[in-house]
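By convention in this document, chain letters (A, B, ...) are assigned in the order of the sequence lines, proteins followed by strands, and residues within each chain are numbered from 1. Bear in mind the structure is a predicted one, so any value in this text is a computation, not a measurement.
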Protein chains: 2
Amino acid sequence: MQEAVQDILKKNQLSITGSRVKILELFLEQQGALAHGDIERRTGEKFDRVTVYRTLQVFLNKGIIHTIPTSDNSVLYALCKDDCGEGHHHDNHVHFVCDDCGTTMCLDDVTVPVIRLPKGFKFTQIQVVVNGRCKDCNRD
Amino acid sequence: MQEAVQDILKKNQLSITGSRVKILELFLEQQGALAHGDIERRTGEKFDRVTVYRTLQVFLNKGIIHTIPTSDNSVLYALCKDDCGEGHHHDNHVHFVCDDCGTTMCLDDVTVPVIRLPKGFKFTQIQVVVNGRCKDCNRD
DNA sequence: ATTATTTTGCAACAAAGTTGCATCTGTTTA
DNA sequence: TAAACAGATGCAACTTTGTTGCAAAATAAT
C-alpha cells in the first residue's frame with residue numbers, strides 16, 4: 001500500500017508529502033468516491049482545509065482522481081484507473097450512487113452506451129449517473 | 001407567454017407573484033438551463049437572493065423545473081416538460097452541455113439507454129450528461 | 001373591503017471555496 | 001550530508017453560495 005502510493009506520486013512527478021500520501025491512501029483503502037468533507041474528517045483534520053483543496057486540485061490536474069457529477073450537486077472525487085492520465089481524461093464514465101447507503105462508485109467495467117444525438121450535435125464526453133441500490137444494500 | 005406562465009402557476013396551485021412570474025418567463029424564453037447566478041442577473045437583481053432560492057425550491061418541489069448534474073458541480077435548473085409533475089420526477093434524462101457556448105439543455109427526445117449493471121445492483125434512475133458541441137456552434 | 005394566508009426582504013449566519021504571503025518541508029546539488 | 005532551492009503548507013482574510021427566523025408586504029379568500 002505504502003509503495004503503491006509512492007509509485008503513483010513518483011509516476012506523476014509529485015513530491016511525497018504528508019497530505020498527499022494520506023489522502024491517496026484514503027482513496028486506495030476505500031472503493032468509492034469521497035467528498036471534500038469526508039476527506040477532512042477521515043484525515044482527522046490533521047491538514048488545513050486549504051491544503052486538502054489544493055491537494056485534490058493537483059490530483060485532478062494529474063488525472064489521478066476525477067470528479068463525479070451528482071444530482072444533489074455535492075462534489076465527489078474518485079480514483080482513476082490506470083488508463084487515465086494527463087491528456088486522456090475519462091471520456092466515458094458510469095457512476096453509481098446508492099440511495100440506501102449513499103456510497104458512490106465508479107463502475108469501470110460497465111460500458112457507456114452509444115447515444116443518438118439530434119442532428120448537428122457532436123459529443124466529446126458522456127457521463128452517466130445511475131441511482132439505485134448497490135450490491136451490499138440489496139442483500140437484506 | 002403571459003398566459004402560459006399564469007397557466008403553469010395556477011395548475012400547480014401557486015399564487016401569482018412577481019418573482020415567480022419573472023423567473024418562469026426566463027425559463028420559457030430561453031431554451032436551456034440556468035444557473036442561480038444567471039437568474040439573478042437576468043432579473044436585474046430585482047429580487048432578493050433568498051427569494052430566488054425559495055422560488056426555485058418551490059418550482060423544484062412542484063416538478064416545474066429540475067436540476068442538472070454537471071461535471072464542474074455548479075447547480076443548473078431547467079424547465080420540465082408536461083409529463084413531469086409532482087410524483088413523477090424525471091426518472092431518465094439526457095442533458096447536453098456545449099463546451100463552446102456553455103449552453104446546457106435537456107434533450108427530451110433522446111431516449112436514455114439501457115445499462116447493464118453488475119450483479120446485485122438495481123437502478124431507480126439514470127441521468128446522462130453529454131458534453132460536446134451543440135447545433136448552433138457546429139455551424140461555423 | 002377586510003381578514004387570513006403566503007410570500008418577500010432583511011439581517012444574520014453557516015458552509016464551501018479561493019488568494020496572498022510567510023514559513024516550513026522535501027528535493028537536489030555540490 | 002549540508003546548503004540552497006523549489007515547492008507545499010498553514011494562516012488569515014475574503015468571496016461566493018446557500019440557509020434560517022422574523023417582521024413587513026403582497027396575494028388570495030370571504
Practice task
Examine distances only and state if a side-chain atom of B/N61 and a backbone atom of B/V58 form a donor-acceptor pair shorter than 3.5 Å.
Solution key: no
Exercise for the section: Tell me which residues in residues 36-45 of chain A put a heavy atom below 4.0 Å from DNA chain D, sorted by number, or none. Expected result: none
Practice task
Name the residue closer to the 5' end of DNA chain C, choosing between B/Q13 and B/V50 according to the nucleotide with the nearest heavy atom.
Solution key: B/Q13
Problem - d(CD, A/Q57; C1', C/dA16) in whole Å - result: 14 Å
Exercise for the section: Please say whether more than 12 non-hydrogen atoms of neighbouring residues, nucleotides or ligands are located less than 6.0 Å from CD in A/E45. Expected result: yes
Problem - B/L14 side chain reached by B/I64 side chain, heavy atoms, under 4.5 Å - result: yes
Handout entry: Contacts of A/T17 that satisfy side-chain contact (heavy atoms from CB on, under 4.5 Å) - sequence neighbours left out
Key = A/S15, A/S19, A/R20
Problem - Nearest to side-chain heavy atoms of A/I16, which nucleotide of C/dT8, C/dT27, D/dT9 - result: C/dT27
Handout entry: Check against side chain to side chain contact (heavy atoms under 4.5 Å, CB included), A/L76 and A/T67
Key = CA-CA 5 Å; A/L76 290 178; A/T67 57; over 6 Å; no
Practice task
Kindly give the heavy-atom pair with the smallest separation between B/I65 and B/C80, and that separation in Å.
Solution key: C-SG, 3.4 Å
Completion exercise
Whole-Å distance, B/Y53 OH to D/dG18 P, equals 4 Å
Practice task
Please confirm whether any donor atom in the side chain of A/R49 sits under 3.5 Å from an acceptor in the base of D/dG10, or the reverse.
Solution key: no
Handout entry: Interatomic distance, B/L9 CG vs C/dT7 C1' [rounded to whole Å]
Key = 13 Å
Exercise for the section: Measure centre to centre between the rings of A/Y77 and A/H66, then say whether the value is under 6.0 Å. Expected result: no
Handout entry: B/R54, nearest nucleotide to its side chain (from D/dC22, C/dG17, D/dC11)
Key = D/dC22
Practice task
Would you kindly give the CG-to-P distance between A/D48 and C/dT25, to the nearest whole Å?
Solution key: 15 Å
Practice task
Tell me, please, which residues at least two apart from B/R49 pass salt bridge (Lys or Arg N to Asp or Glu O under 4.0 Å).
Solution key: none
Practice task
Find the distance A/L14:CG to C/dT27:C1' and express it as a whole number of Å.
Solution key: 13 Å
Exercise for the section: Could you tell me whether the phosphate oxygens of C/dT7, OP1 or OP2, come under 4.0 Å of any side-chain nitrogen or oxygen in B/S15? Expected result: yes
Handout entry: Integer-rounded Å distance: C/dT18 P and A/L60 CG
Key = 11 Å
Completion exercise
Residues A/V5 and A/E25: closest non-hydrogen pair is CG2-CG, 3.7 Å
Problem - Whole-Å gap separating C1' (C/dT6) and CG (B/N12) - result: 16 Å
Problem - Partners passing side-chain contact (heavy atoms from CB on, under 4.5 Å) against B/K10 (at least two apart in sequence or in another chain) - result: B/Q6, B/I16
Handout entry: For the student: nearest non-hydrogen atoms of B/F96 and A/L117, plus distance
Key = CE1-CD1, 4.1 Å
Practice task
Specify the angle, to 10°, made by the local axes at the two ends of the helix from C/dA1-D/dT30 to C/dA30-D/dT1 when five pairs are taken at each end.
Solution key: 40°
Problem - For atom CZ of A/F47 and atom P of D/dG10, their distance in whole Å - result: 7 Å
Practice task
Within residues 17-29 of chain A, find the residues that approach DNA chain D with a heavy atom at under 4.0 Å, and present them sorted by residue number.
Solution key: A/T17, A/S19, A/R20
Exercise for the section: Could you check B/L24 against B/L79 for side chain to side chain contact (heavy atoms under 4.5 Å, CB included), going step by step and ending with a plain yes or no? Expected result: CA-CA 9 Å; B/L24 249 188; B/L79 253 198; 4.3 Å; yes
